[in-house]
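Here the structure is laid out as structure tokens; the discussion comes afterwards.
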Amino acid sequence: MFKKILIANRGEIACRVAATARRLGVRTVAVYSDADANALHVHACDQAVRIGEAPPKESYLRWQRIIDAAKATGAQAVHPGYGFLSENEDFAQACADAGLVFIGPPASAIAAMGSKSAAKALMDKAGVPLVPGYHGERQESEFLRAQAERIGYPVLIKASAGGGWQGHAPGRSQRGFRSRARLMPARGEIELRR
């Protein structure tokens, strides 16, 4: 069990991590931006370290400042919360390189899950049930059309680099598939789902 952890987040998630750590007898370090100097999560922790100005890109996303704060306060581990740096493989690796435990998946797992198509291929290989679809590397239009036929219409045409439903389009028929698929390559590889 750790004696002290740094919570690399703010708000409710940081408060929840701090409360759980307290119940476990683990001391906590908050980080805060200028905008959050008097925020609840700062008071919920045993220590607090200022890491920058109000914009997250000047504070909560500056992972070297977070690592420096962890080392300066004697924290043994960093809990990223969610959002911000929680899915950043470089941050997870930097924590490990600095001798800090990243409380979350290892950098290699974050990297593997960072690409949806690579993650699906990994899950498929492990025998995890998946929604019928195509998530491979071949991207020629005729091959993708054949995959859509194999899957059966309607299909969801998704750019693998899309996020938040950007880069999604329904293909309800072969004709609809062709017109929609032509628009997708600018967003990365195309995936198909039933």
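Every value quoted in this text rests on a predicted model; they were computed, and no experiment measured them.
Hydrophobic clustering (side-chain heavy atoms under 4.5 Å, transitive across Ile, Leu, Val, Met, Phe, Trp, Tyr) groups Tyr32 together with Val78. Trp63 and Leu6 fall within a single hydrophobic cluster, where Ile, Leu, Val, Met, Phe, Trp and Tyr are joined by side-chain heavy atoms under 4.5 Å apart, directly or via other members. Linking Ile, Leu, Val, Met, Phe, Trp and Tyr residues whenever their side-chain heavy atoms come within less than 4.5 Å leaves Ile103 and Ile67 in two separate clusters. Hydrophobic clustering, with ILVMFWY side chains joined whenever heavy atoms are under 4.5 angstrom apart, groups Tyr82 together with Ile7. Under the 4.5 Å side-chain heavy-atom criterion for Ile, Leu, Val, Met, Phe, Trp and Tyr, Val42 and Leu40 are members of distinct hydrophobic clusters.
Here the side chains of Ile110 and Phe102 are in contact, with some heavy-atom distance below 4.5 Å. Taking the side chain as every heavy atom from C-beta outward, Thr28 and Val17 never approach each other to under 4.5 Å. Inter-residue side-chain proximity for Asn38 and His43 is flagged as met; some heavy-atom pair is nearer than 4.5 Å.
Contact detail for Ala69 and Thr73: the closest heavy-atom pair is O-OG1, 2.8 Å. Residues His41 and Ala30 approach most closely at O-CB, 3.8 Å, considering heavy atoms. Smallest separation of non-hydrogen atoms from Gln47 and Lys4: OE1-NZ, 2.5 Å. Looking at every heavy atom in both residues, Leu100 comes nearest to Ala77 through CD2-N, 4.4 Å. Arg150 approaches Gly133 most closely through the heavy-atom pair NH2-O, 3.3 Å. Closest non-hydrogen pair, Gly81 versus Ile13, comes out as CA-CG1, 3.7 Å.
Atoms CD and CD, on Glu149 and Gln147 in that order, are 10.5 Å from each other to the nearest 0.5 Å. Here the straight-line distance linking atom CG of Leu144 with atom OH of Tyr134 works out to 6.5 Å at 0.5 Å rounding.
Looking at Ser59, its side chain does come within 3.5 Å of a backbone N or O of Glu53 through a donor-acceptor pair. Of the possible donor and acceptor atoms, none in the side chain of Arg62 sits under 3.5 Å from a partner among the backbone N and O of Pro56. Side-chain atoms of Asn88 come within 3.5 Å of backbone atoms of Phe91 as a donor-acceptor pair (strictly under, hydrogens ignored). Checked by atom type and distance alone, the side chain of His79 never pairs as donor or acceptor with a backbone atom of Gly104 at under 3.5 Å. Side-chain N or O atoms of Arg22 include none that pairs as donor or acceptor with a backbone N or O of Asp46 at under 3.5 Å.
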Review point. Can you check side chain to side chain contact (heavy atoms under 4.5 Å, CB included) on Gln76 and Val101, steps first, answer last?
Key: CA-CA 6 Å; Gln76 300 159 298; Val101 174; over 6 Å; no

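The only member of Ile51, Asn9, Leu85 that meets side-chain contact (heavy atoms from CB on, under 4.5 Å) when paired with Tyr60 is Ile51.
Within 6.0 Å of CZ in Arg16 there are 12 or fewer heavy atoms belonging to other residues, nucleotides or ligands.
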